[in-house]
**Q** 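One structure is given below, represented as C-alpha coordinates, and several questions about it will come after.
Bear in mind the structure is a predicted one, so any value in this text is a computation, not a measurement. By convention in this document, chain letters (A, B, ...) are assigned in the order of the sequence lines, proteins followed by strands, and residues within each chain are numbered from 1.
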2 protein chains.
Amino acid sequence: MTRAVPHSGGGPLYAQVRELMVAAIVEGRWQPGDALPSENQLAAEYGVSQGTLRKALDALDADNLVVRHQGRGTFVAAHTPQRELFHFFHIAGDDGTKQLPATSRLVTCERRRGTAAECGRLDLPASARIVHLTRVRDLGGRPVILENIVVPARLFPGLVDDDIPNELYQLYEEGFGVTIHRAVEHLRAIAAGRDEARHLGVPLKSPLLEVDRLAETLDGTPAEWRTSRLGSNDHHYVSEID
Amino acid sequence: MTRAVPHSGGGPLYAQVRELMVAAIVEGRWQPGDALPSENQLAAEYGVSQGTLRKALDALDADNLVVRHQGRGTFVAAHTPQRELFHFFHIAGDDGTKQLPATSRLVTCERRRGTAAECGRLDLPASARIVHLTRVRDLGGRPVILENIVVPARLFPGLVDDDIPNELYQLYEEGFGVTIHRAVEHLRAIAAGRDEARHLGVPLKSPLLEVDRLAETLDGTPAEWRTSRLGSNDHHYVSEID
DNA sequence: GAGTGGTCTAGACCACAGA
DNA sequence: CTGTGGTCTAGACCACTCT
(Lines give C-alpha, C1' and ligand atoms only; values in the text may rest on other atoms or scores of the structure.)
Protein backbone atom coordinates (compact mmCIF):
# COMPACT_ATOMS: atom_id res chain seq x y z
CA MET A 1 0.00 0.00 0.00
CA THR A 2 1.49 3.29 -1.12
CA ARG A 3 -0.97 5.83 0.04
CA ALA A 4 -0.79 9.11 1.86
CA VAL A 5 -2.17 9.57 5.35
CA PRO A 6 -6.01 9.54 5.25
CA HIS A 7 -7.88 11.82 7.67
CA SER A 8 -5.67 14.91 7.32
CA GLY A 9 -7.56 16.73 10.01
CA GLY A 10 -5.70 15.24 12.95
CA GLY A 11 -2.98 17.72 13.76
CA PRO A 12 0.68 17.32 12.76
CA LEU A 13 1.54 14.70 10.18
CA TYR A 14 3.87 12.79 12.46
CA ALA A 15 1.11 12.53 15.07
CA GLN A 16 -1.28 11.11 12.49
CA VAL A 17 1.32 8.60 11.39
CA ARG A 18 1.90 7.73 15.04
CA GLU A 19 -1.80 7.03 15.52
CA LEU A 20 -1.90 4.80 12.46
CA MET A 21 1.02 2.82 13.79
CA VAL A 22 -0.56 2.54 17.23
CA ALA A 23 -3.69 1.22 15.55
CA ALA A 24 -1.62 -1.34 13.64
CA ILE A 25 -0.12 -2.56 16.91
CA VAL A 26 -3.48 -2.63 18.70
CA GLU A 27 -5.02 -4.63 15.87
CA GLY A 28 -2.16 -7.05 16.09
CA ARG A 29 -0.86 -6.42 12.59
CA TRP A 30 2.51 -6.03 14.31
CA GLN A 31 2.86 -8.34 17.29
CA PRO A 32 4.92 -7.70 20.41
CA GLY A 33 8.50 -8.67 19.66
CA ASP A 34 8.07 -8.30 15.89
CA ALA A 35 10.40 -6.13 13.89
CA LEU A 36 8.72 -3.23 12.12
CA PRO A 37 9.55 -2.47 8.50
CA SER A 38 12.53 -0.19 8.06
CA GLU A 39 12.17 3.56 8.33
CA ASN A 40 12.41 3.97 4.57
CA GLN A 41 9.74 1.35 3.94
CA LEU A 42 7.40 2.88 6.49
CA ALA A 43 8.02 6.37 5.14
CA ALA A 44 7.05 5.13 1.67
CA GLU A 45 4.02 3.26 3.01
CA TYR A 46 2.63 6.28 4.80
CA GLY A 47 3.72 8.72 2.11
CA VAL A 48 5.83 10.94 4.35
CA SER A 49 9.49 11.85 4.50
CA GLN A 50 11.90 9.77 6.54
CA GLY A 51 12.32 12.64 8.99
CA THR A 52 8.60 12.81 9.68
CA LEU A 53 8.28 9.08 10.06
CA ARG A 54 11.24 9.19 12.39
CA LYS A 55 9.46 11.68 14.61
CA ALA A 56 6.51 9.32 14.82
CA LEU A 57 8.81 6.47 15.81
CA ASP A 58 10.52 8.69 18.38
CA ALA A 59 7.15 9.34 19.96
CA LEU A 60 6.31 5.64 20.06
CA ASP A 61 9.71 4.98 21.58
CA ALA A 62 9.12 7.62 24.26
CA ASP A 63 5.83 5.91 25.11
CA ASN A 64 7.54 2.52 25.38
CA LEU A 65 5.48 1.17 22.51
CA VAL A 66 8.50 0.26 20.42
CA VAL A 67 12.16 -0.38 21.13
CA ARG A 68 14.84 0.64 18.65
CA HIS A 69 18.24 -0.92 18.12
CA GLN A 70 20.78 0.73 15.88
CA GLY A 71 21.79 -1.61 13.10
CA ARG A 72 19.07 -4.16 13.92
CA GLY A 73 15.70 -2.52 13.56
CA THR A 74 12.64 -1.27 15.43
CA PHE A 75 10.61 -3.76 17.46
CA VAL A 76 7.20 -3.72 19.08
CA ALA A 77 7.76 -3.60 22.84
CA ALA A 78 7.17 -6.92 24.59
CA HIS A 79 6.85 -7.80 28.25
CA THR A 80 10.06 -9.34 29.53
CA PRO A 81 11.14 -9.92 33.13
CA GLN A 82 13.53 -7.01 32.62
CA ARG A 83 10.80 -4.59 31.62
CA GLU A 84 8.58 -5.92 34.40
CA LEU A 85 11.28 -5.25 36.95
CA PHE A 86 12.19 -1.77 35.77
CA HIS A 87 8.79 -0.54 34.79
CA PHE A 88 6.04 -2.26 36.75
CA PHE A 89 7.63 -3.56 39.94
CA HIS A 90 8.34 -0.86 42.49
CA ILE A 91 9.15 -2.75 45.67
CA ALA A 92 12.80 -2.60 46.73
CA GLY A 93 14.78 -3.76 49.70
CA ASP A 94 15.89 -1.13 52.17
CA ASP A 95 19.42 -1.77 50.97
CA GLY A 96 18.35 -0.43 47.59
CA THR A 97 18.31 -3.72 45.72
CA LYS A 98 15.32 -4.52 43.56
CA GLN A 99 14.44 -7.98 42.30
CA LEU A 100 11.34 -9.72 41.04
CA PRO A 101 9.80 -12.27 43.38
CA ALA A 102 11.41 -15.57 42.46
CA THR A 103 8.58 -17.73 43.73
CA SER A 104 4.92 -17.34 44.49
CA ARG A 105 2.13 -19.55 45.77
CA LEU A 106 -1.36 -19.50 44.33
CA VAL A 107 -3.90 -19.38 47.13
CA THR A 108 -7.18 -19.20 45.27
CA CYS A 109 -8.27 -19.13 41.63
CA GLU A 110 -11.92 -18.86 40.80
CA ARG A 111 -14.15 -17.83 37.94
CA ARG A 112 -17.26 -16.08 39.10
CA ARG A 113 -19.43 -13.02 38.60
CA GLY A 114 -17.84 -9.78 39.70
CA THR A 115 -19.05 -7.71 42.60
CA ALA A 116 -20.26 -4.18 42.02
CA ALA A 117 -16.87 -2.83 43.09
CA GLU A 118 -14.97 -5.18 40.82
CA CYS A 119 -17.10 -4.54 37.75
CA GLY A 120 -17.10 -0.81 38.39
CA ARG A 121 -13.37 -0.68 38.72
CA LEU A 122 -12.79 -2.70 35.55
CA ASP A 123 -15.43 -0.76 33.65
CA LEU A 124 -17.49 -3.91 33.08
CA PRO A 125 -21.28 -4.30 33.04
CA ALA A 126 -22.77 -5.33 36.39
CA SER A 127 -22.19 -8.97 37.36
CA ALA A 128 -19.85 -9.58 34.44
CA ARG A 129 -17.74 -12.70 34.60
CA ILE A 130 -14.30 -12.27 36.10
CA VAL A 131 -11.36 -14.40 37.15
CA HIS A 132 -10.15 -13.88 40.69
CA LEU A 133 -6.67 -14.91 41.81
CA THR A 134 -5.04 -14.68 45.19
CA ARG A 135 -1.38 -15.42 45.66
CA VAL A 136 1.55 -14.86 47.96
CA ARG A 137 4.85 -13.71 46.49
CA ASP A 138 8.23 -14.26 48.12
CA LEU A 139 11.12 -11.86 48.42
CA GLY A 140 14.39 -12.97 49.93
CA GLY A 141 12.91 -16.36 50.68
CA ARG A 142 10.07 -15.02 52.79
CA PRO A 143 6.36 -14.56 51.94
CA VAL A 144 6.06 -10.80 51.75
CA ILE A 145 3.34 -9.75 49.29
CA LEU A 146 -0.29 -10.87 49.37
CA GLU A 147 -1.89 -10.18 46.00
CA ASN A 148 -5.51 -10.01 45.04
CA ILE A 149 -6.00 -9.99 41.27
CA VAL A 150 -9.21 -9.54 39.31
CA VAL A 151 -9.38 -9.70 35.51
CA PRO A 152 -12.30 -9.74 33.08
CA ALA A 153 -13.04 -13.35 32.08
CA ARG A 154 -13.85 -12.22 28.56
CA LEU A 155 -10.26 -11.13 27.92
CA PHE A 156 -8.78 -14.35 29.25
CA PRO A 157 -10.80 -17.32 27.98
CA GLY A 158 -9.65 -20.62 29.43
CA LEU A 159 -7.38 -19.12 32.05
CA VAL A 160 -7.03 -21.80 34.73
CA ASP A 161 -4.85 -22.25 37.73
CA ASP A 162 -2.15 -24.43 36.14
CA ASP A 163 -1.35 -21.57 33.85
CA ILE A 164 -0.20 -19.10 36.46
CA PRO A 165 3.48 -18.17 36.11
CA ASN A 166 5.31 -15.56 38.10
CA GLU A 167 5.19 -13.01 35.31
CA LEU A 168 1.51 -12.46 34.73
CA TYR A 169 1.87 -9.69 32.16
CA GLN A 170 3.97 -11.92 29.96
CA LEU A 171 1.23 -14.56 30.21
CA TYR A 172 -1.47 -12.02 29.37
CA GLU A 173 0.49 -10.97 26.31
CA GLU A 174 1.72 -14.30 24.98
CA GLY A 175 -1.23 -16.43 25.98
CA PHE A 176 -4.14 -14.07 25.38
CA GLY A 177 -2.88 -11.22 23.22
CA VAL A 178 -3.58 -8.71 25.97
CA THR A 179 -0.77 -6.17 26.32
CA ILE A 180 -0.63 -4.19 29.54
CA HIS A 181 0.65 -0.75 28.67
CA ARG A 182 0.11 1.57 31.60
CA ALA A 183 -1.24 1.52 35.12
CA VAL A 184 -2.25 3.78 37.96
CA GLU A 185 -1.37 2.82 41.50
CA HIS A 186 -2.98 4.12 44.69
CA LEU A 187 -1.05 3.57 47.91
CA ARG A 188 -2.26 3.69 51.47
CA ALA A 189 -1.44 2.21 54.85
CA ILE A 190 -3.80 -0.37 56.32
CA ALA A 191 -3.91 -2.56 59.41
CA ALA A 192 -3.30 -6.26 58.85
CA GLY A 193 -6.46 -8.37 58.96
CA ARG A 194 -6.72 -12.09 59.56
CA ASP A 195 -5.83 -13.08 56.00
CA GLU A 196 -2.81 -10.83 55.82
CA ALA A 197 -1.59 -11.91 59.22
CA ARG A 198 -1.89 -15.58 58.32
CA HIS A 199 -0.32 -15.45 54.88
CA LEU A 200 2.41 -12.94 55.60
CA GLY A 201 3.25 -14.04 59.11
CA VAL A 202 2.76 -10.63 60.68
CA PRO A 203 0.81 -9.69 63.84
CA LEU A 204 -2.84 -8.71 63.55
CA LYS A 205 -3.28 -4.97 63.03
CA SER A 206 0.34 -4.35 62.12
CA PRO A 207 0.71 -1.61 59.50
CA LEU A 208 0.88 -2.82 55.88
CA LEU A 209 1.49 -0.95 52.66
CA GLU A 210 -1.39 -1.47 50.25
CA VAL A 211 -0.84 -0.89 46.53
CA ASP A 212 -4.01 -0.73 44.48
CA ARG A 213 -3.21 -0.97 40.78
CA LEU A 214 -5.51 -0.63 37.81
CA ALA A 215 -3.73 -1.70 34.62
CA GLU A 216 -4.83 -0.82 31.09
CA THR A 217 -4.18 -2.20 27.62
CA LEU A 218 -2.86 -0.18 24.70
CA ASP A 219 -6.29 1.17 23.84
CA GLY A 220 -7.10 2.16 27.40
CA THR A 221 -9.29 -0.80 28.34
CA PRO A 222 -8.92 -1.72 32.03
CA ALA A 223 -7.56 -5.25 32.02
CA GLU A 224 -6.51 -5.99 35.57
CA TRP A 225 -7.28 -4.77 39.06
CA ARG A 226 -4.57 -5.81 41.47
CA THR A 227 -4.33 -5.12 45.17
CA SER A 228 -0.99 -5.95 46.75
CA ARG A 229 -0.31 -5.83 50.47
CA LEU A 230 3.29 -5.66 51.56
CA GLY A 231 4.12 -7.25 54.89
CA SER A 232 7.79 -6.54 55.35
CA ASN A 233 9.71 -3.97 57.31
CA ASP A 234 12.75 -4.49 55.12
CA HIS A 235 11.09 -3.40 51.89
CA HIS A 236 9.49 -0.24 50.57
CA TYR A 237 7.88 1.21 47.48
CA VAL A 238 10.12 3.38 45.31
CA SER A 239 8.85 6.30 43.28
CA GLU A 240 11.15 8.44 41.18
CA ILE A 241 10.20 11.99 40.32
CA ASP A 242 11.94 13.37 37.27
CA MET B 1 30.45 34.58 21.11
CA THR B 2 30.35 32.74 17.81
CA ARG B 3 32.25 29.60 18.54
CA ALA B 4 31.78 25.96 17.80
CA VAL B 5 31.18 23.43 20.55
CA PRO B 6 34.44 22.88 22.52
CA HIS B 7 35.17 19.35 23.76
CA SER B 8 34.03 17.45 20.67
CA GLY B 9 34.61 14.12 22.36
CA GLY B 10 31.25 13.99 24.15
CA GLY B 11 28.98 12.00 21.89
CA PRO B 12 26.38 13.50 19.58
CA LEU B 13 26.53 17.22 18.90
CA TYR B 14 23.05 17.91 20.23
CA ALA B 15 23.97 16.18 23.49
CA GLN B 16 27.05 18.36 23.85
CA VAL B 17 25.00 21.48 23.20
CA ARG B 18 22.46 20.24 25.73
CA GLU B 19 25.18 19.88 28.36
CA LEU B 20 26.46 23.38 27.68
CA MET B 21 22.97 24.77 28.13
CA VAL B 22 22.45 22.79 31.33
CA ALA B 23 25.71 24.26 32.61
CA ALA B 24 24.53 27.75 31.73
CA ILE B 25 21.36 27.18 33.73
CA VAL B 26 23.22 25.65 36.68
CA GLU B 27 25.64 28.58 36.76
CA GLY B 28 22.71 30.94 36.75
CA ARG B 29 23.54 32.58 33.44
CA TRP B 30 19.92 31.92 32.61
CA GLN B 31 17.64 32.16 35.65
CA PRO B 32 14.41 30.27 36.23
CA GLY B 33 11.64 32.11 34.43
CA ASP B 34 14.01 33.81 32.01
CA ALA B 35 13.49 33.59 28.28
CA LEU B 36 16.33 31.92 26.40
CA PRO B 37 17.67 33.48 23.19
CA SER B 38 15.82 32.38 20.08
CA GLU B 39 16.65 29.12 18.36
CA ASN B 40 18.47 30.93 15.58
CA GLN B 41 20.55 32.94 18.00
CA LEU B 42 21.44 29.88 20.03
CA ALA B 43 22.26 27.92 16.88
CA ALA B 44 24.66 30.67 15.83
CA GLU B 45 26.15 30.93 19.32
CA TYR B 46 26.92 27.23 19.53
CA GLY B 47 27.83 26.95 15.87
CA VAL B 48 25.31 24.26 14.97
CA SER B 49 22.32 24.08 12.66
CA GLN B 50 18.89 25.05 13.88
CA GLY B 51 17.77 21.44 13.67
CA THR B 52 20.54 20.25 15.94
CA LEU B 53 19.95 23.01 18.44
CA ARG B 54 16.30 22.14 18.34
CA LYS B 55 17.07 18.58 19.32
CA ALA B 56 19.01 19.87 22.31
CA LEU B 57 16.05 22.02 23.35
CA ASP B 58 13.69 19.08 22.87
CA ALA B 59 15.81 17.08 25.29
CA LEU B 60 15.80 19.90 27.86
CA ASP B 61 12.05 20.16 27.44
CA ALA B 62 11.61 16.44 27.99
CA ASP B 63 13.61 16.75 31.22
CA ASN B 64 11.46 19.65 32.40
CA LEU B 65 14.42 22.01 32.37
CA VAL B 66 12.82 24.43 29.94
CA VAL B 67 9.28 25.20 28.84
CA ARG B 68 8.52 26.21 25.27
CA HIS B 69 5.67 28.37 24.01
CA GLN B 70 5.01 28.72 20.33
CA GLY B 71 5.23 32.36 19.31
CA ARG B 72 6.60 33.48 22.68
CA GLY B 73 9.89 31.77 23.29
CA THR B 74 11.68 29.19 25.41
CA PHE B 75 11.90 29.72 29.16
CA VAL B 76 13.90 28.19 31.97
CA ALA B 77 11.50 26.09 34.05
CA ALA B 78 10.47 27.68 37.33
CA HIS B 79 8.68 26.29 40.35
CA THR B 80 5.06 27.38 40.39
CA PRO B 81 2.19 26.02 42.47
CA GLN B 82 0.97 24.36 39.28
CA ARG B 83 4.19 22.48 38.70
CA GLU B 84 4.37 21.63 42.40
CA LEU B 85 0.91 20.13 42.27
CA PHE B 86 1.38 18.13 39.09
CA HIS B 87 4.94 17.07 39.54
CA PHE B 88 5.92 16.90 43.19
CA PHE B 89 2.70 16.43 45.16
CA HIS B 90 1.26 12.96 44.93
CA ILE B 91 -1.39 12.84 47.63
CA ALA B 92 -4.96 12.77 46.34
CA GLY B 93 -8.37 12.39 47.88
CA ASP B 94 -10.12 9.07 47.43
CA ASP B 95 -12.57 10.89 45.19
CA GLY B 96 -9.69 11.51 42.81
CA THR B 97 -9.25 15.21 43.45
CA LYS B 98 -5.78 16.54 44.05
CA GLN B 99 -4.97 19.89 45.61
CA LEU B 100 -2.05 21.46 47.39
CA PRO B 101 -2.44 21.96 51.13
CA ALA B 102 -3.90 25.45 51.53
CA THR B 103 -2.56 25.97 55.03
CA SER B 104 0.16 24.60 57.20
CA ARG B 105 1.44 25.18 60.71
CA LEU B 106 5.12 25.32 61.55
CA VAL B 107 5.80 23.21 64.62
CA THR B 108 9.55 23.54 65.04
CA CYS B 109 12.36 25.31 63.20
CA GLU B 110 15.90 24.91 64.41
CA ARG B 111 19.42 25.29 63.12
CA ARG B 112 21.75 22.68 64.54
CA ARG B 113 24.36 20.12 63.64
CA GLY B 114 23.02 17.16 61.70
CA THR B 115 22.93 13.65 63.06
CA ALA B 116 24.86 10.89 61.35
CA ALA B 117 21.69 9.79 59.55
CA GLU B 118 20.87 13.31 58.37
CA CYS B 119 24.35 14.13 57.13
CA GLY B 120 24.69 10.75 55.48
CA ARG B 121 21.41 11.11 53.68
CA LEU B 122 22.21 14.62 52.45
CA ASP B 123 25.75 13.64 51.50
CA LEU B 124 27.23 16.15 53.96
CA PRO B 125 30.34 15.82 56.12
CA ALA B 126 29.68 14.54 59.65
CA SER B 127 28.05 17.05 62.00
CA ALA B 128 27.50 19.59 59.23
CA ARG B 129 25.07 22.38 59.99
CA ILE B 130 21.50 21.81 58.93
CA VAL B 131 18.12 23.45 59.27
CA HIS B 132 15.36 21.27 60.63
CA LEU B 133 11.68 22.08 60.13
CA THR B 134 8.61 20.30 61.34
CA ARG B 135 5.17 21.27 60.16
CA VAL B 136 1.62 20.05 59.81
CA ARG B 137 -0.18 20.51 56.50
CA ASP B 138 -3.93 20.64 56.11
CA LEU B 139 -6.09 19.04 53.47
CA GLY B 140 -9.80 19.63 53.34
CA GLY B 141 -9.56 21.71 56.48
CA ARG B 142 -8.04 18.95 58.59
CA PRO B 143 -4.42 18.42 59.70
CA VAL B 144 -3.39 15.43 57.65
CA ILE B 145 0.34 15.47 56.89
CA LEU B 146 3.14 15.70 59.44
CA GLU B 147 6.34 16.74 57.71
CA ASN B 148 9.90 16.51 58.88
CA ILE B 149 12.28 18.51 56.69
CA VAL B 150 16.06 18.68 56.83
CA VAL B 151 18.15 20.92 54.54
CA PRO B 152 21.86 21.80 54.51
CA ALA B 153 22.34 25.16 56.27
CA ARG B 154 25.05 26.09 53.77
CA LEU B 155 22.57 26.19 50.90
CA PHE B 156 20.06 28.31 52.79
CA PRO B 157 21.89 31.06 54.67
CA GLY B 158 19.59 33.12 56.86
CA LEU B 159 16.59 30.84 56.54
CA VAL B 160 14.44 31.56 59.57
CA ASP B 161 10.98 30.65 60.64
CA ASP B 162 9.16 33.76 59.40
CA ASP B 163 10.19 32.85 55.90
CA ILE B 164 8.31 29.62 55.63
CA PRO B 165 5.55 29.71 52.99
CA ASN B 166 3.45 26.80 51.88
CA GLU B 167 5.44 26.26 48.69
CA LEU B 168 8.93 25.50 49.93
CA TYR B 169 10.46 24.77 46.53
CA GLN B 170 9.45 28.17 45.25
CA LEU B 171 11.15 29.69 48.31
CA TYR B 172 14.29 27.63 47.76
CA GLU B 173 14.44 28.84 44.17
CA GLU B 174 13.52 32.47 44.53
CA GLY B 175 15.07 33.13 47.92
CA PHE B 176 18.25 31.06 47.71
CA GLY B 177 18.82 30.18 44.06
CA VAL B 178 18.41 26.48 44.80
CA THR B 179 16.34 24.71 42.16
CA ILE B 180 14.91 21.34 43.08
CA HIS B 181 14.91 19.24 39.93
CA ARG B 182 14.26 15.63 40.80
CA ALA B 183 13.53 13.47 43.81
CA VAL B 184 13.30 9.86 44.92
CA GLU B 185 10.56 8.81 47.29
CA HIS B 186 10.46 5.69 49.45
CA LEU B 187 7.09 4.67 50.85
CA ARG B 188 6.27 2.37 53.71
CA ALA B 189 3.56 1.82 56.30
CA ILE B 190 4.32 2.68 59.91
CA ALA B 191 2.42 2.70 63.18
CA ALA B 192 1.56 6.13 64.57
CA GLY B 193 3.78 7.21 67.46
CA ARG B 194 3.03 9.85 70.07
CA ASP B 195 3.95 12.82 67.85
CA GLU B 196 1.91 11.62 64.91
CA ALA B 197 -1.06 10.79 67.10
CA ARG B 198 -0.99 14.21 68.71
CA HIS B 199 -0.50 16.32 65.61
CA LEU B 200 -2.72 14.36 63.26
CA GLY B 201 -5.43 13.42 65.71
CA VAL B 202 -5.23 9.69 65.07
CA PRO B 203 -5.06 6.83 67.57
CA LEU B 204 -1.69 5.57 68.75
CA LYS B 205 -0.38 2.73 66.54
CA SER B 206 -2.84 3.38 63.75
CA PRO B 207 -1.32 2.70 60.32
CA LEU B 208 0.20 5.73 58.57
CA LEU B 209 1.71 6.12 55.11
CA GLU B 210 5.27 7.40 55.35
CA VAL B 211 6.84 9.10 52.33
CA ASP B 212 10.59 9.56 52.57
CA ARG B 213 11.81 11.97 49.90
CA LEU B 214 15.33 12.95 48.96
CA ALA B 215 15.30 15.91 46.57
CA GLU B 216 18.20 17.00 44.37
CA THR B 217 19.22 20.17 42.57
CA LEU B 218 19.99 20.39 38.86
CA ASP B 219 23.55 19.18 39.35
CA GLY B 220 22.55 16.24 41.50
CA THR B 221 23.38 17.72 44.91
CA PRO B 222 20.99 16.47 47.60
CA ALA B 223 19.23 19.58 48.86
CA GLU B 224 16.37 18.37 51.04
CA TRP B 225 15.42 15.30 53.02
CA ARG B 226 11.73 15.27 53.75
CA THR B 227 9.71 12.68 55.62
CA SER B 228 5.94 13.05 55.36
CA ARG B 229 3.49 11.00 57.35
CA LEU B 230 -0.06 10.86 56.10
CA GLY B 231 -2.77 10.44 58.71
CA SER B 232 -5.96 10.26 56.71
CA ASN B 233 -8.13 7.40 55.54
CA ASP B 234 -9.63 9.59 52.85
CA HIS B 235 -6.38 10.23 51.00
CA HIS B 236 -3.79 8.13 49.22
CA TYR B 237 -0.58 8.41 47.26
CA VAL B 238 -0.93 8.25 43.48
CA SER B 239 1.70 6.79 41.20
CA GLU B 240 1.24 6.64 37.45
CA ILE B 241 3.11 4.07 35.41
CA ASP B 242 3.46 4.99 31.76
C1' DG C 1 29.12 -5.43 2.13
C1' DA C 2 24.31 -4.52 2.69
C1' DG C 3 20.90 -2.87 5.59
C1' DT C 4 19.52 -0.76 9.73
C1' DG C 5 18.87 3.21 12.85
C1' DG C 6 21.40 7.79 14.45
C1' DT C 7 23.11 12.42 13.40
C1' DC C 8 23.42 16.72 11.02
C1' DT C 9 22.35 20.09 7.75
C1' DA C 10 19.79 23.75 4.98
C1' DG C 11 15.87 25.61 3.72
C1' DA C 12 10.81 26.24 3.23
C1' DC C 13 6.55 26.97 5.14
C1' DC C 14 2.95 27.14 9.04
C1' DA C 15 0.83 28.70 13.58
C1' DC C 16 0.90 31.60 17.19
C1' DA C 17 1.88 35.87 20.25
C1' DG C 18 2.53 40.49 20.85
C1' DA C 19 3.55 45.36 19.51
C1' DC D 1 3.80 43.12 10.75
C1' DT D 2 7.67 40.79 12.98
C1' DG D 3 9.66 37.31 15.62
C1' DT D 4 9.00 33.11 17.88
C1' DG D 5 8.64 28.10 18.03
C1' DG D 6 6.47 23.92 15.21
C1' DT D 7 6.41 21.07 11.06
C1' DC D 8 8.11 18.93 6.96
C1' DT D 9 11.29 17.79 3.50
C1' DA D 10 15.52 15.87 1.00
C1' DG D 11 19.74 14.37 1.18
C1' DA D 12 24.36 13.30 3.10
C1' DC D 13 27.06 10.86 6.13
C1' DC D 14 28.09 8.00 10.43
C1' DA D 15 27.75 3.82 13.59
C1' DC D 16 26.22 -0.47 14.37
C1' DT D 17 24.73 -5.54 13.30
C1' DC D 18 24.59 -9.43 10.83
C1' DT D 19 25.88 -12.48 7.10
Side-chain angles (χ1 to χ4, degrees), chain A residues 2-22 24-25 30 33-78, chain B residues 2-22 24-25 30 33-78:
Chain A
T2 308
R3 186 158 156 285
V5 175
H7 52 330
S8 333
L13 240 194
Y14 71 85
Q16 298 175 39
V17 172
R18 194 202 100 105
E19 288 313 313
L20 288 175
M21 288 198 286
V22 170
I25 294 174
W30 298 319
D34 282 2
L36 264 54
S38 76
E39 294 184 350
N40 282 324
Q41 287 174 307
L42 288 169
E45 176 171 342
Y46 291 114
V48 300
S49 76
Q50 200 205 19
T52 298
L53 187 113
R54 200 172 172 70
K55 240 190 134 171
L57 282 178
D58 284 344
L60 293 177
D61 191 14
D63 292 342
N64 295 305
L65 275 162
V66 304
V67 178
R68 316 175 80 185
H69 294 291
Q70 188 176 40
R72 296 212 281 132
T74 301
F75 303 82
V76 180
Chain B
T2 308
R3 186 161 157 284
V5 175
H7 54 329
S8 334
L13 238 194
Y14 72 84
Q16 298 175 40
V17 172
R18 194 202 99 106
E19 288 313 313
L20 289 175
M21 290 198 283
V22 170
I25 295 173
W30 298 321
D34 282 2
L36 264 55
S38 76
E39 295 184 349
N40 282 324
Q41 286 174 307
L42 287 169
E45 176 171 340
Y46 291 113
V48 300
S49 75
Q50 200 205 20
T52 298
L53 187 114
R54 199 171 173 70
K55 238 191 136 169
L57 282 178
D58 285 344
L60 293 177
D61 191 14
D63 291 342
N64 295 305
L65 275 162
V66 303
V67 178
R68 316 175 80 187
H69 294 291
Q70 188 175 40
R72 296 212 283 132
T74 302
F75 303 81
V76 180

**Q** Mind calculating the distance between CD (A/Q50) and C1' (C/dG3) to the nearest angstrom?
**A**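 The distance from CD of A/Q50 to C1' of C/dG3 comes to 12 Å, rounded to the nearest Å.
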**Q** What is the distance from atom CE of A/M21 to atom CH2 of A/W30, rounded to the nearest 0.5 Å?
**A**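 Result: 6.0 Å between the selected atoms.
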**Q** Taking 4.0 Å as the cut-off, does a side-chain nitrogen or oxygen of B/Y14 come that near to OP1 or OP2 on C/dT7?
**A**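 For C/dT7, OP1/OP2 do have a side-chain N/O of B/Y14 under 4.0 Å.
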**Q** Rounded to the nearest 0.5 Å, what separation is found between the CG atom of A/L60 and the CD1 atom of A/I25?
**A**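 The CG atom of A/L60 sits 6.0 Å away from the CD1 atom of A/I25.
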**Q** Rounding to an integer number of Å, can you tell me how far A/L53 CG sits from D/dG11 C1'?
**A**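 Interatomic distance, CG of A/L53 to C1' of D/dG11: 16 Å.
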**Q** Does a nitrogen or oxygen in the side chain of A/T52 sit under 4.0 Å from OP1 or OP2 of D/dC8?
**A** no
**Q** Go through the steps for A/L57 and A/L36 under the test side chain to side chain contact (heavy atoms under 4.5 Å, CB included), then give the verdict.
**A** CA-CA 10 Å; A/L57 282 178; A/L36 264 54; 4.1 Å; yes
**Q** Report the distance from atom CG of B/N40 to atom C1' of D/dG5, rounded to the nearest whole Å.
**A**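 After rounding, the gap between these two atoms is 10 Å.
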**Q** Tell me the interatomic distance from A/K55, atom NZ, to D/dG5, atom C1', rounded to whole angstroms.
**A** 11 Å
**Q** Can you see which heavy atom on A/V17 is nearest to which on A/A56, and at what distance?
**A**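 Result for this residue pair: CG1-CB, 3.9 Å.
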**Q** Give me the atom names and distance for the closest heavy-atom approach of A/P37 to A/L42.
**A** O-CD1, 3.4 Å
**Q** Could you tell me the separation between the CZ atom of A/R54 and the P atom of C/dT9, rounded to a whole number of Å?
**A** 15 Å
**Q** Of all the choices, D/dT9, D/dG5, C/dT7, which nucleotide is nearest to the side chain of B/P12 once you look at every atom?
**A** C/dT7
**Q** By a strict heavy-atom criterion of less than 4.0 Å, which residues belonging to residues 56-76 of chain A are in contact with DNA chain D?
**A**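 Correct list: A/Q70, A/G71, A/R72.
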**Q** List the atom of A/A78, the atom of A/G33, and the distance in Å for their closest heavy-atom pair.
**A** CB-N, 3.9 Å
**Q** Looking only at side-chain atoms of B/E39, point me to the closest of C/dG6, C/dT9, D/dG6.
**A**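 Taking heavy atoms from C-beta onward, the closest nucleotide is D/dG6.
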**Q** For A/S49 and D/dT9, is the shortest distance between a side-chain N/O and OP1 or OP2 below 4.0 Å?
**A** yes
**Q** Under 4.0 Å between a side-chain N/O of B/S38 and OP1 or OP2 of D/dG3, yes or no?
**A**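 Answer no for this pair, as no side-chain N or O of B/S38 is under 4.0 Å from OP1 or OP2.
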**Q** If you round to the nearest 0.5 Å, how far is CG of A/D58 from CZ of A/R18?
**A**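 Here the rounded value is 12.0 Å.
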